[in-house]
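I have placed the structure first, in the form of structure tokens, so that the comments after it can refer back to it.
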Amino acid sequence: MPALGALNRIRQGLPALAGSEAKVAEWILRNPERLLSMTVRDLATMSAGSQAAVTRLCKSLQFQGYLDLKMGVMADLSQRDYADAMFSEIAPDNPFRASLEMLQESSVRSVQNTLQGLREQDLSTVSDWIHTSGRILVTGAGASAVVAKDVEQKLMRLGYNVTFAENFHSTLIVASLLGAGDLVVAVSYSGRTTDVLEVVQVAKARTERIVAITGYGRNPLSTAASVTLRVAAIEPEVRVGATSSLLGSLTVVDSLLLYLVNRYPEQAKDRLTTTRSAVLGHQRHEH
């Protein structure tokens, strides 16, 4: 299956690329139609990059290879995905209905592309870590704190020992007390949030189980993590707040939890039933 949102993925990852990889990525974004008939050597020559840079680019952006990259670009062109005029939230001259349609397109595309990019092996590894960890620490700041809180609430319902401390100092304390079998789930779409990175660095001295939920491309968080679950989204530079990246991140969480409960179904059913019963009495019922 082609990697949907390939051009968006390249555009999103471009700021984190350097040297020849950046040259190759920029050329593809300028000439997506020409890519379809080109070999790796052709692309390296036309972009003034190198064949090794093309290979590294595919790996950096988590394409399965050059063919996967080309198929993804082909899918984008067939769906006119490449015509991603950057969605602007502040556009007073546009009819409001048009803005809503652009928001819908951006949101739907983020969810679809994020799901297409998830790798089952990564979900399997993280699910096993969740199930066997003595303690789970979740960290995130700003909009990513919303995602971190969602992880905490869902894992808590499944009976896992999970902590999300909104206070940065409290998070560092928990990180410093983790054991080798414990787990950290770090959420940062940019992968450059200093609070999150500091928590991860403290935790890495205690455990190798570091999971990142972040965007495509190399960034400090993905470099520090043992497993990275990628979010595919494009955000306008001037915005009210995170939209497509937030939805993409929440989609990663839902996908991980869906995998987890189906990997350990009996435990999940028992604990979900128990926790539902515990709060059911506090819901108002109409007569």
Side-chain angles (χ1 to χ4, degrees), residues 12-13 15-16 60 62 114 117-119 122-233 235 241-242 245-257 259-260:
Q12 179 184 336
S60 296
Q62 292 202 339
T114 295
L118 287 175
R119 300 189 298 194
D122 292 337
L123 297 176
S124 175
T125 297
V126 178
S127 294
D128 287 344
W129 283 354
I130 290 172
H131 194 67
T132 58
S133 290
R135 188 168 194 177
I136 303 166
L137 173 63
V138 189
T139 181
S144 294
V146 176
V147 182
K149 188 66 179 176
D150 189 51
V151 175
E152 180 195 42
Q153 191 270 340
K154 288 175 176 173
L155 290 181
M156 187 182 297
R157 279 208 65 196
L158 290 168
Y160 293 104
N161 182 11
V162 55
T163 299
F164 167 61
E166 296 190 40
N167 180 280
F168 175 57
H169 287 176
S170 298
T171 306
L172 284 177
I173 290 171
V174 176
S176 69
L177 295 174
L178 294 174
D182 294 335
L183 169 66
V184 175
V185 179
V187 187
S188 171
Y189 173 64
S190 70
R192 301 178 185 278
T193 305
T194 56
D195 288 7
V196 173
L197 293 174
E198 188 171 341
V199 171
V200 167
Q201 289 306 315
V202 171
K204 277 177 70 69
R206 312 287 298 180
T207 178
E208 295 181 354
R209 294 182 171 187
I210 309 292
V211 176
I213 298 177
T214 189
Y216 278 89
R218 285 193 300 269
N219 60 53
L221 180 56
S222 65
T223 300
S226 303
V227 175
T228 300
L229 303 176
R230 301 285 186 173
V231 178
E235 294 278 22
S245 62
L246 178 58
L247 285 172
S249 299
L250 291 170
T251 297
V252 169
V253 175
D254 287 340
S255 301
L256 175 60
L257 270 292
Y259 194 95
L260 177 66

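A heavy-atom distance below 4.5 Å is found between the side chains of I130 and L256. Annotation: side chain of L137 is in contact with side chain of V199 (closest heavy-atom distance under 4.5 Å). Using a 4.5 Å heavy-atom threshold, the side chains of I136 and N161 count as separate. Contact of the F168 side chain with the T139 side chain is not registered, since no non-hydrogen atoms from C-beta on lie closer than 4.5 Å.
Just one of L123, V126, L158, D128 meets the side chain to side chain contact (heavy atoms under 4.5 Å, CB included) condition when paired with L260; it is L158.
Once rounded to the nearest 0.5 Å, the distance linking CG of L229 with OG1 of T251 reads 12.5 Å. To the nearest 0.5 Å, atoms OG (S226) and CG (D122) are separated by 11.0 Å. Between the OG atom in S144 and the OH atom in Y189 there is a gap of 10.5 Å [rounded to 0.5 Å]. Residue T132 holds its OG1 atom at 3.5 Å from CZ of R209, rounded to the nearest 0.5 Å. For the atom pair OG of S255 and CG of L250, the computed distance is 10.5 Å after rounding to the nearest 0.5 Å. Note that CG of N219 and OG1 of T214 are 4.0 Å apart. Values are rounded to the nearest 0.5 Å.
The shortest non-hydrogen separation linking F164 to G140 is CE1-O, 3.9 Å. Across all their heavy atoms, L221 and I213 have their closest contact at CD2-O, 4.5 Å. Minimum heavy-atom separation, G191 to P220: O-CD, 3.4 Å. The shortest non-hydrogen separation linking Y216 to Q12 is N-NE2, 3.1 Å. Between V196 and A186 the shortest heavy-atom distance is CG1-CB, 3.8 Å. Minimum interatomic distance between L183 and S133 (heavy atoms only, all atoms of both residues): CB-OG, 3.3 Å.
Although no hydrogens or angles enter the test, the distance criterion places a donor-acceptor pair under 3.5 Å between the side chain of R230 and the main chain of G215.
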Candidate pair K149 and E152, rule side-chain contact (heavy atoms from CB on, under 4.5 Å), full reasoning:
CA-CA 5 Å; K149 188 66 179 176; E152 180 195 42; 2.9 Å; yes
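For residues 162-175, the side-chain hydrogen bond (donor to acceptor under 3.5 Å, both in side chains) pairs, not counting sequence neighbours, are N167-S170. For residues 174-203, the set of pairs meeting the salt bridge (Lys or Arg N to Asp or Glu O under 4.0 Å) definition, not counting sequence neighbours, is empty.
Checked against salt bridge (Lys or Arg N to Asp or Glu O under 4.0 Å), K154 has the following partners two or more places apart in sequence or in another chain: D150, D254.
With no hydrogens or angles considered, no side-chain donor-acceptor pair links T207 and R135 at under 3.5 Å.
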